[in-house]
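Every number for a ligand or one of its atoms is a count from 1 in the order of the listing. Given the structure is predicted, the values throughout are model-derived calculations rather than measurements. If you read the sequence from its start, that first residue is 1, and numbering goes on from there.
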Amino acid sequence: LLGIESPVVQGGMAWVAESHLAAAVSNAGGLGIIGAASAPAEWVRAQIQEVKRRTDKPFGVNIMLISPYAKEVAELVAEEKVPVVTTGAGSPEKYMSLWKEAGIKVIPVVASVALAKRMERCGADALVAEGTEAGGHIGENTTMVLVPQVVDAGMAAAFMLGAEGVQIGTRFVASREAQVHENYKNCIIKARDIDSRVTGRSTGHPVRALRNQMTKIYLEKEQAGVPFEELELLTLGGLRKAVVDGDVTNGSVMAGQSAAMVKEILSCEEIIQNLTEQAEKLLKGVSKHE
Ligand code: TUI
């Protein structure tokens with residue numbers, strides 16, 4: 001797609017990603033990137049010229065979309081026929097046709113599944129899915145949750161990190177056999193990637209649950225500095241309320257971010273079979289490339 005030797009794209013780091021670094025990364029076989037950040041278009045033009053002087057290899061420009069100069073830089077890269085554009089901190093939808101007409105390969109950096117889907121629809125050539133552990137401006141999704149949803153992987157991701165097995169919770173809550181109120185199971189099925197909240201960060205006992213009335217009130221009170229004892233009243237017995245009584249409004253609907261990947265209630269047998277089949281298929285694909 002990009003004409004590079006190694007599938008390594010450099011980040012668009014403000015102040016760091018200038019011509020020397022970008023050219024060095026491209027010369028090393030990756031995709032070097034000039035980070036336009038909040039710089040004026042004239043600075044970016046000079047950097048592009050300098051990279052072209054330093055390398056014949058493909059390179060790119062990262063456009064930080066909340067920059068006051070974003071529009072000028074977006075037009076500049078089309079004019080300069082920069083091979084690749086990556087974007088951050090927003091949606092590049094309105095520039096897409098301009099860039100595609102200039103023959104530019106467009107790789108939006110996304111932190112959510114919603115933006116990933118929108119980018120696919122509007123003609124992105126590839127995506128960078130950036131997890132919350134990244135530096136700089138971030139979303140809330142972890143890489144382990146975001147990447148599998150973007151590429152439809154699964155357990156294979158954990159094995160590639162060196163694990164020999166996986167612990168799975170949320171997927172099994174929405175199983176046929178789990179003795180859990182159907183309201184709870186339905187919350188998991190409906191959840192999107194942005195629908196969980198962490199309560200209790202200030203108390204040293206953070207808890208992730210699907211957002212509802214309880215998490216909303218808890219977080220408001222936590223923000224206001226309400227004492228621990230009062231916060232505790234909101235969550236006491238909350239899991240039982242949700243699991244047993246099906247009170248998913250006031251109860252604690254604990255679930256991982258992976259709830260977004262759970263689309264239907266399945267038997268435990270189907271869950272395990274699907275997971276292992278998919279992982280085996282993907283991992284076979286990997287060993288074929290060796
Ligand atoms: O953009 C980055 N990393 C960055 S940009 C940056 S400069 C900056 N400084 C102060 C405030 C904000 C930015 C430093 N690091 N990574 C890609 C990324 N994009 N992370 C998060 C997002 C993002 C966030 C919201 C993308 C789109 C979005 O909403 C767009 C929409 O319309 O849905």
Side-chain angles (χ1 to χ4, degrees), residues 1-2 7-22 25 30-45 47-48 59-77 82-100 104-151 157 190-198 208 211 219 257-258 260-261:
L1 179 72
L2 306 176
V8 177
V9 176
Q10 182 218 312
M13 306 160 285
W15 295 105
V16 176
E18 48 64 74
S19 57
H20 297 79
L21 182 68
V25 171
L31 187 74
I33 298 282
I34 298 162
S38 302
E42 282 320 305
W43 181 87
V44 180
R45 191 192 298 276
Q47 295 295 313
I48 292 170
F59 68 96
V61 171
N62 174 272
I63 302 184
M64 212 273 284
L65 290 159
I66 57 178
S67 160
Y69 302 104
K71 183 165 180 284
E72 283 166 60
V73 176
E75 284 160 6
L76 165 70
V77 294
V82 166
V84 183
V85 164
T86 67
T87 64
S91 166
E93 248 152 315
K94 64 178 174 198
Y95 303 121
M96 212 55 134
S97 57
L98 171 71
W99 293 339
K100 302 305 300 179
I104 295 175
K105 297 276 188 281
V106 184
I107 310 181
V109 178
V110 303
S112 72
V113 177
L115 190 60
K117 286 186 174 154
R118 258 163 63 203
M119 293 302 98
E120 182 178 35
R121 277 201 300 273
C122 77
D125 295 282
L127 293 174
V128 169
E130 197 182 81
T132 189
E133 74 275 30
H137 185 51
I138 52 167
E140 293 287 355
N141 285 299
T142 63
T143 296
M144 280 292 281
V145 160
L146 182 61
V147 174
Q149 291 181 85
V150 172
V151 300
K190 277 188 297 190
R192 295 164 300 166
D193 58 328
I194 52 173
D195 286 335
S196 79
R197 294 288 181 275
V198 176
R208 183 181 302 283
R211 71 188 169 103
L219 291 168
Q257 289 189 341
S258 60
M261 287 182 266

Under-4.0 Å protein heavy-atom contact, [atom]:
atom	answer
atom 4 (C) of ligand 1	yes
atom 32 (O) of ligand 1	yes
atom 18 (C) of ligand 1	yes

Legend entry - Test of proximity, Ser91 against ligand 1: N or O pairs below 3.5 Å: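 No - when backbone and side-chain N and O of Ser91 are compared with those of ligand 1, no distance drops under 3.5 Å.
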
Legend entry - N/O separation below 3.5 Å, Ala111 to ligand 1: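 N/O-N/O distance below 3.5 Å does not exist for this pair.
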
Legend entry - Side-chain heavy-atom pair Ile34, Ser19 within 4.5 angstrom cut-off: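 A side-chain contact is absent here, since even the closest heavy-atom pair is not under 4.5 Å.
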
Inset, instruction - Find all atoms of ligand 1 within a distance of less than 4.0 Å from any non-hydrogen atom belonging to Gly136, and give their numbers and elements. - result: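 Here the atoms of ligand 1 in question are 15 (N).
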
Inset, instruction - Run the numbers for me: atoms of ligand 1, each under 4.0 Å from some heavy atom of Arg118, listed by number. - result: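 Checking each atom against Arg118, I get 32 (O), 33 (O).
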
Legend entry - Atom of Ser38, atom of Met64 and distance for their closest heavy-atom approach: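 The pair with the smallest heavy-atom distance is OG-CE, 3.7 Å.
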
Inset, instruction - In sequence, state the C-alpha distance, the side-chain angles, and the governing distance for Ile104 and Tyr95, and then conclude on side chain to side chain contact (heavy atoms under 4.5 Å, CB included). - result: CA-CA 11 Å; Ile104 295 175; Tyr95 303 121; over 6 Å; no

Legend entry - Proximity to ligand 1 by part of Val110, non-hydrogen separation under 4.0 Å: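 Neither; no heavy atom under 4.0 Å.
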
Inset, instruction - Examine the proximity of ligand 1 to Met13 and report which part, side chain or backbone, both or neither, has a heavy atom under 4.0 Å away. - result: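 Neither; nothing of Met13 gets under 4.0 Å from ligand 1.
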
Legend entry - Close approach, Gly90 and ligand 1, non-hydrogen under 4.0 angstrom: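 Within the 4.0 Å threshold, so yes.
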
Inset, instruction - Taking side chain to side chain donor-acceptor pair (under 3.5 Å) as the test, write out the residues that go with Glu140, two or more places apart. - result: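 Side chain to side chain donor-acceptor pair (under 3.5 Å) check on Glu140 returns nothing, list empty.
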
